[in-house]
Undergrad: 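The structure is given below, and queries will be raised subsequently.
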2 protein chains.
Amino acid sequence: MDSERTGDVSSTADVADLAFDVFARACPSRGTLEHVTGKWGGLILGALREGTFRFNELRRRVDGVSEKMLSQTLQALERDGLVHREAQPTNPPRVDYRLTPLGDAIAERLLALINLVEDRMPEVLTARERYDAARAESGAAAGRDAGRAALAGRGGR
Amino acid sequence: MDSERTGDVSSTADVADLAFDVFARACPSRGTLEHVTGKWGGLILGALREGTFRFNELRRRVDGVSEKMLSQTLQALERDGLVHREAQPTNPPRVDYRLTPLGDAIAERLLALINLVEDRMPEVLTARERYDAARAESGAAAGRDAGRAALAGRGGR
DNA sequence: CGGGATCCGGCTTGATACTG
DNA sequence: CAGTATCAAGCCGGATCCCG
């Protein structure tokens with residue numbers, strides 16, 4: 001539960017003038033932002049940008065996501081009003097997910113970011129080589145990786 | 001911490017069939033994207049967008065970040081070529097951080113996303129209330145035991 | 001099919017302490 | 001000031017079983 005650990009902003013009164021400063025620790029927008037930019041949030045939003053899908057369709061579309069995380073992320077996005085969930089009490093059950101207008105707007109900007117990063121990847125790769133080379137030269141043979149650089153996930157499936 | 005994990009799987013062969021697809025787990029852009037959208041990456045890039053800062057200035061600017069995470073994230077961003085680090089061997093030491101042109105371009109799109117989320121937070125908050133209310137209602141009506149409902153979202157990373 | 005509940009390992013994070 | 005080293009916890013996220 002990502003929820004705000006600090007006291008919630010229950011008083012709706014003057015929330016507006018305080019603006020939602022992401023740089024402040026207790027800002028509620030931090031939470032939503034993390035849902036969106038999180039490990040699966042972006043991929044799910046991206047997938048939903050292309051239409052309406054059922055649970056297992058989504059699962060197939062977003063490679064590597066487990067039932068649990070898909071369900072969990074979908075709930076977080078639904079709660080934030082980015083995703084609309086429509087369940088039909090038929091048999092077998094059928095549940096459709098699609099973006100809300102708000103979700104689509106956010107997904108659009110997120111994809112703009114993703115596309116830029118992809119376009120510029122050659123530069124990033126070059127920078128990485130330079131950095132690693134300089135490091136191997138000056139430092140010992142330790143060669144630790146920078147931060148959580150290689151997060152990738154195991155192969156599999 | 002010298003967990004020299006076997007490098008990232010960015011062999012060119014793996015990504016060949018999907019080329020530019022973020023949806024593929026082996027895509028190298030995923031790594032950079034996570035540095036950028038990670039818990040602190042976005043805030044640090046946002047802070048640096050307003051100028052050049054020293055380590056502790058940055059720490060004060062980004063509320064809640066620990067020395068370790070700041071250092072770690074900064075290194076990852078430097079390695080990816082988004083941040084430039086300039087150290088002066090003076091006494092006391094002085095190190096300046098600033099965005100590279102690439103980092104600025106990426107930060108710009110990231111901030112566009114962040115600003116959108118901030119602007120729309122009222123909608124998000126409203127959606128949250130509706131969701132929570134509906135949830136509390138159905139749960140109470142069913143008369144089930146009061147578990148710890150909120151399994152909202154992911155957080156972490 | 002569409003999830004909920006639980007167990008559990010491992011990565012990520014946060015204090016604290018130490019170096020230059 | 002600008003980090004690095006070490007340690008302990010906490011939470012994420014995967015696997016599994018189960019229900020409607």
Side-chain angles (χ1 to χ4, degrees), chain A residues 1-3 5 25 31 34-35 37-41 43-44 53-60 62-76 78 83 85-97 135 139-140 142 144-157, chain B residues 1-5 25 31 34-35 38-41 43 53-60 62-76 78 83 85-97 135 138-139 142 144-145 147-157:
Chain A
M1 333 357 186
D2 52 78
S3 307
R5 49 219 14 162
R25 204 184 315 168
E34 298 205 357
H35 297 157
T37 62
K39 186 171 185 184
W40 302 113
L43 299 177
I44 292 173
F53 296 97
R54 303 176 58 177
F55 188 84
N56 280 310
E57 284 177 339
L58 230 34
R59 242 198 107 184
R60 265 169 253 128
V62 180
D63 189 29
V65 67
S66 66
E67 290 181 14
K68 180 174 140 184
M69 292 319 296
L70 179 57
S71 172
Q72 222 168 285
T73 308
L74 242 15
Q75 279 178 43
E78 187 197 353
V83 164
R85 176 181 186 274
E86 188 167 5
Q88 296 168 40
T90 62
N91 189 326
R94 179 193 180 95
V95 182
D96 290 306
Y97 292 94
R135 180 145 281 224
R144 67 178 300 258
D145 66 340
R148 21 123 91 261
L151 188 147
R154 20 78 61 164
R157 131 68 83 139
Chain B
M1 55 5 184
D2 44 291
S3 57
E4 176 152 11
R5 67 183 59 260
R25 282 171 294 171
E34 302 221 356
H35 297 157
K39 186 170 184 182
W40 302 112
L43 299 176
F53 296 97
R54 302 176 58 177
F55 188 84
N56 280 310
E57 284 177 336
L58 231 33
R59 209 165 108 86
R60 264 170 252 126
V62 180
D63 188 30
V65 68
S66 66
E67 290 181 13
K68 183 170 108 182
M69 292 318 297
L70 179 57
S71 172
Q72 219 168 288
T73 308
L74 243 14
Q75 279 178 42
E78 187 197 351
V83 164
R85 177 182 185 274
E86 188 166 6
Q88 296 168 40
T90 61
N91 189 326
R94 179 194 181 94
V95 182
D96 290 306
Y97 292 92
R135 178 107 336 179
S138 64
R144 300 183 304 106
D145 55 317
R148 33 31 136 296
L151 17 56
R154 58 161 264 74
R157 164 171 109 50

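So you know, we letter chains A, B, ... as the sequences are listed, proteins then strands, and number each from 1.
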Undergrad: Backbone N or O of Met69(B) within a donor-acceptor pair of the Thr73(B) side chain at under 3.5 Å?
TA: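 It does hold such a pair.
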Undergrad: So do the side chains of Leu43(B) and Val65(B) get within less than 4.5 Å of each other, counting heavy atoms only?
TA: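 No, every pair of side-chain atoms sits at 4.5 Å or beyond.
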Undergrad: Just the rounded figure in Å: distance from P of dC19(D) to CG of Asn91(A).
TA: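 Interatomic distance, CG of Asn91(A) to P of dC19(D): 17 Å.
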Undergrad: For dG2(C), does either OP1 or OP2 sit under 4.0 Å from a side-chain N or O belonging to Lys68(A)?
TA: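 For dG2(C), OP1/OP2 do not have a side-chain N/O of Lys68(A) under 4.0 Å.
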Undergrad: To the nearest Å, give me how far apart CE (Met69(A)) and P (dC12(D)) are.
TA: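 Answer to the nearest Å: 8 Å.
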Undergrad: State, with a plain yes or no, whether a side-chain heavy atom of Asp96(B) is found less than 4.5 Å away from one of Arg54(B).
TA: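 With C-beta onward as the side chain, the pair touches.
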Undergrad: Decide, yes or no, whether a salt bridge links Glu34(A) with Lys39(B) under the criterion of side-chain N to carboxylate O below 4.0 Å.
TA: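 Lys39(B) and Glu34(A): not salt-bridged.
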Undergrad: Protein-nucleotides 1-3 of chain D N/O pairs closer than 3.5 Å?
TA:
from	atom 1	to	atom 2	distance (Å)
dC1(D)	O3'	Arg54(B)	NH2	2.9
dA2(D)	OP1	Arg54(B)	NE	2.7
dA2(D)	OP1	Arg54(B)	NH2	3.1
dA2(D)	OP2	Asn56(B)	N	3.1
dA2(D)	OP2	Asn56(B)	ND2	3.3
dG3(D)	OP1	Arg85(B)	NE	3.4
dG3(D)	OP1	Arg85(B)	NH2	2.5
dG3(D)	OP1	Tyr97(B)	OH	3.4
dG3(D)	OP2	Tyr97(B)	OH	2.5
dG3(D)	N7	Glu67(B)	OE1	3.1

Undergrad: How far apart are the closest heavy atoms of Glu67(B) and Phe55(B), and which atoms are they?
TA: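 In this case the closest contact between Glu67(B) and Phe55(B) is O-CZ, 3.8 Å.
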Undergrad: Rounded to whole angstrom units, what separation is found between the CG atom of Leu70(A) and the P atom of dG14(D)?
TA: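 About 11 Å, once rounded to whole Å.
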Undergrad: Quick check for you: to the nearest 0.5 Å, what is the distance between Gln75(A) atom CD and His35(A) atom NE2?
TA: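 Separation between the atoms: 11.0 Å.
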Undergrad: Atom CZ of Arg59(A) and atom C1' of dC1(C): how far apart are they, to the nearest Å?
TA: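 In whole Å, dC1(C) C1' and Arg59(A) CZ are 12 Å from each other.
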Undergrad: Can you tell me the distance, in whole Å, between the CD atom of Gln72(B) and the C1' atom of dG14(C)?
TA: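 Taking atom C1' of dG14(C) as the reference, CD of Gln72(B) is at 11 Å.
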Undergrad: Separation of Glu34(B) atom CD from dC12(D) atom P, in whole Å?
TA: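 The distance from CD of Glu34(B) to P of dC12(D) comes to 15 Å, rounded to the nearest Å.
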Undergrad: dG13(D) P sits how many Å from Trp40(A) CH2, rounded?
TA: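 Roughly 8 Å, once rounded to whole Å.
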